[in-house]
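Below is one structure, written out as structure tokens; the observations come after it.
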Amino acid sequence: YQRRIAALRAGMAERGLAAYLVPADAGMEYLSGVKRVYRNYTHMRQNCLELAGLVITPSDVVYFIPRLTGMGTLPFLEGTAVTKAVSIQDPDLTGETWIRELKALGLSGKHIGVNRDISAQAVLMLQNVLEAKVTEESDLVDSLRAVKDEEEIGLMRKNAEIADQVYHEIMPMIRPGERVRSIEREIERLFETHGCSCPSFPGECIVLGPNSGPIFGMNYDRIEKGYTVAFDFGGMYQGYCSDFGRTVFVGEPDKELIRYHELVMKAQSDAMEALKSGQCTGQMLNDIAHGVMEEAGVGPNFIHRLGHCIGKDVHERPFIAPGEQTVLKPGMTFTVEPSIVVVKRCCVRVEDVVLRTEAGYECLNKITKDIVVVGYVKGTVRVGETLLEVKELRTSFFTERGVAPAVDGISFTVGKGRVLGIVGESGSGKSVTSLSVMRLLQEPAGKIMGGQILFKGQDLTKLTDKQ
């Protein structure tokens with residue numbers, strides 16, 4: 001923290017700043033080690049909370065916090081960069097304590113830099129009461145936060161692993177009839193079980209299809225066949241954020257949906273690979289990904305920037321976006337998240353956190369980006385060459401009491417190099433399905449009554465035992 005404060009002070013000196021103000025957010029946590037005051041989705045107000053944060057001068061790091069809120073932070077300042085803590089008592093509703101301390105620091109009439117997230121109340125008091133010159137100097141801290149040190153990279157890598165695991169563990173819930181909100185709540189719970197303190201943002205399952213709304217953002221409220229499920233979620237792990245995205249198809253995707261998936265993968269891959277070619281800016285990567293979509297005729301369906309830096313906050317500068325001329329340096333972590341959105345049809349997206357390296361990049365998320373298909377009675381990860389395809393398999397047993405259906409219309413596809421697990425209760429047909437596929441049913445009691453078992457395109461049901 002002392003190193004970060006020293007770097008900030010060097011920037012302050014170059015710009016002639018007598019002080020620099022940071023609110024009680026991720027910037028304060030990054031610079032000083034004092035835990036941020038978490039924001040809720042609605043305002044939770046304490047007296048003078050709008051003035052909470054750091055005032056950094058060439059010699060002091062002063063921490064301001066309302067008394068009640070400070071009960072959770074003031075006892076834990078050892079090891080932080082704070083040189084003085086000021087607890088604003090309950091009767092102070094107008095910031096008199098804050099102004100008195102800033103005057104004591106000699107800041108009246110001085111040039112003071114502020115972070116973009118400082119409150120309007122603080123800026124007006126600086127100007128009207130202290131008669132200070134106030135300028136927005138967010139880039140001083142942005143540039144420090146953008147390049148991660150080894151400890152930060154380790155935390156970002158661990159959090160990406162957690163996001164991968166959450167995706168893996170949520171998959172059993174992605175089935176027709178499941179409510180979207182139930183899935184979103186389970187995603188939050190899974191992050192907590194893996195050591196995250198909270199979501200890094202309100203994650204969502206974007207479910208689009210025939211009955212979703214006429215504009216993007218009006219999602220369908222449950223999983224149904226013929227819809228796409230696009231994930232966008234992340235967790236907060238030891239103060240650092242993850243941001244993750246994948247797409248699941250409910251029912252076999254048609255050729256158009258498969259093409260959309262391929263285009264999204266190409267847009268992401270082309271942008272990432274450009275990092276190996278040398279100096280890149282956020283705009284350059286954004287233009288590459290959007291260029292892929294424009295060339296394919298779906299440019300208007302890629303409705304957002306390609307990505308953003310990520311760290312203490314889920315969205316940090318620089319952006320991977322139009323107009324962003326900041327050069328991406330080794331140590332920066334950012335998302336690469338192309339998508340194709342067609343209202344009442346689909347949202348196909350992928351999102352990974354990428355680390356800029358000297359050689360190019362490292363994708364911190366390792367879990368598969370391949371097409372994932374779930375459905376009523378089918379479920380598989382299809383990868384590359386289709387090795388085995390089972391279509392509407394029906395198997396029965398002939399007993400003294402009559403014909404007993406054992407497998408009724410099972411369908412699934414398995415790609416080369418993948419494993420399909422068949423899960424169900426005792427007597428549900430797991431073993432019979434497997435035996436049917438391998439043509440190992442005990443005949444004549446057991447018999448395949450219908451469907452196809454295509455292995456490398458050849459229907460095994462049509463072959464003799466010898467073949």
Donor-acceptor pair, distance only, cut-off 3.5 Å: does the side chain of [X] make one with the backbone of [Y]?
| X | Y | value |
| --- | --- | --- |
| Thr281 | Gln325 | no |
| Ser269 | Lys266 | no |
| Asn219 | Ile206 | no |
| Tyr227 | Pro176 | no |
| Arg259 | Leu263 | no |
| Thr69 | Pro66 | no |
| Asp459 | Ile453 | yes |
| Arg394 | Val407 | no |
| Glu389 | Thr413 | no |
| Asn159 | Gly235 | yes |

Closest non-hydrogen atom pair, [X] against [Y]:
| X | Y | value |
| --- | --- | --- |
| Phe231 | Arg349 | O-NH1, 2.8 Å |
| Asn286 | Leu306 | OD1-N, 3.0 Å |
| Tyr237 | Lys158 | CE2-CG, 3.4 Å |
| Thr228 | Cys346 | OG1-CA, 3.3 Å |
| Ser242 | Val314 | O-CG2, 4.1 Å |
| Ser32 | Val82 | CB-CG2, 4.4 Å |

Looking at [X] and [Y], does any basic side-chain N land under 4.0 Å from a carboxylate oxygen?
| X | Y | result |
| --- | --- | --- |
| Glu316 | Arg145 | yes |
| Glu192 | Arg189 | no |
| Lys366 | Glu161 | no |
| Arg181 | Glu184 | yes |
| Arg345 | Glu256 | yes |
| Asp90 | Arg67 | yes |
| Arg4 | Asp149 | yes |
| Glu273 | Lys276 | yes |

message: The test is salt bridge (Lys or Arg N to Asp or Glu O under 4.0 Å); show your working for Arg157 and Glu362 and say whether it passes.
response: CA-CA 10 Å; Arg157 185 176 283 114; Glu362 175 191 348; 2.8 Å; yes

query: Taking the inter-plane angle between the rings of Phe244 and Phe233 on a 0 to 90° scale, is it parallel (under 30°), tilted (30 to 60°) or perpendicular (over 60°)?
result: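 Ring orientation of Phe244 relative to Phe233: parallel.
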
- prompt: Between His308 and His315, what is the ring plane arrangement, given parallel below 30°, perpendicular above 60°, and tilted in between?
  reply: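 The rings of His308 and His315 sit tilted, inter-plane angle from 30° to 60°.
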
Rounded distance [0.5 Å steps], [atom1] in [X] versus [atom2] in [Y]:
| X | Y | atom1 | atom2 | value |
| --- | --- | --- | --- | --- |
| Phe201 | Asp313 | CZ | CG | 12.5 Å |
| Lys447 | Phe397 | NZ | CZ | 13.5 Å |
| Ser212 | Asp221 | OG | CG | 11.0 Å |
| Met272 | Arg356 | CE | CZ | 12.5 Å |
| Met449 | Ser396 | CE | OG | 5.0 Å |
| Asp117 | Glu136 | CG | CD | 9.0 Å |

Compare all side-chain heavy atoms of [X] with those of [Y] and state whether any distance is below 4.5 angstrom.
| X | Y | value |
| --- | --- | --- |
| Arg317 | Cys309 | no |
| Ile174 | Ile183 | yes |
| Ile340 | Phe302 | no |
| Ile187 | Val166 | yes |
| Tyr240 | Glu151 | no |
| Ile320 | Val336 | no |
| Asp243 | Ser200 | no |

- prompt: Counting heavy atoms not belonging to Lys329, are there more than 12 under 6.0 Å from its NZ?
  reply: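 No - once you tally the heavy atoms of other residues, nucleotides and ligands closer than 6.0 Å, there are 12 at most.
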
- request: Take Met156 and Ile310 through the side-chain contact (heavy atoms from CB on, under 4.5 Å) test and state the conclusion after the steps.
  value: CA-CA 9 Å; Met156 294 295 295; Ile310 182 172; 3.8 Å; yes

Verify whether one side chain among [X] and [Y] offers a donor that lies under 3.5 Å from an acceptor in the other.
| X | Y | answer |
| --- | --- | --- |
| Tyr260 | Thr247 | no |
| Glu169 | Gln165 | yes |
| Ser339 | His304 | yes |
| Glu324 | Thr326 | yes |
| Thr335 | Glu337 | yes |
| Glu224 | Tyr220 | no |
| Lys462 | Gln467 | no |
| Glu392 | Gln452 | no |
| Ser436 | Thr395 | yes |

message: Before you tell me yes or no, could you show the steps for Leu8 and Leu144 under side-chain contact (heavy atoms from CB on, under 4.5 Å), namely the whole-Å CA-CA distance, both residues' side-chain angles and the distance that decides it to 0.1 Å?
response: CA-CA 8 Å; Leu8 174 60; Leu144 297 176; 4.2 Å; yes

- prompt: Does Arg305 make a cation-pi contact with Phe319 (under 6.0 Å, within 45 degrees of the axis)?
  reply: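 Judged by the rule (NZ or CZ under 6.0 Å from the ring centre, within 45° of its axis), Arg305 counts as positioned above Phe319.
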
- prompt: Which residue, Asp232, Asp352, Thr368, Asn365, forms the side chain to side chain donor-acceptor pair (under 3.5 Å) with Arg246?
  reply: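 Of all the options given, the one that passes is Asp352.
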
message: Please evaluate residues Val229 and Val250 with respect to the criterion side-chain contact (heavy atoms from CB on, under 4.5 Å), reporting the C-alpha separation (whole Å), side-chain torsions for both, the decisive distance (0.1 Å), and the verdict.
response: CA-CA 7 Å; Val229 182; Val250 188; 3.8 Å; yes

message: Pair Asp142, Arg116 - check salt bridge (Lys or Arg N to Asp or Glu O under 4.0 Å), show working.
response: CA-CA 10 Å; Asp142 289 344; Arg116 67 173 63 84; 2.7 Å; yes

task: Applying side-chain contact (heavy atoms from CB on, under 4.5 Å), run through Lys312 and Cys241 and close with a yes or a no.
output: CA-CA 6 Å; Lys312 284 283 188 182; Cys241 299; over 6 Å; no

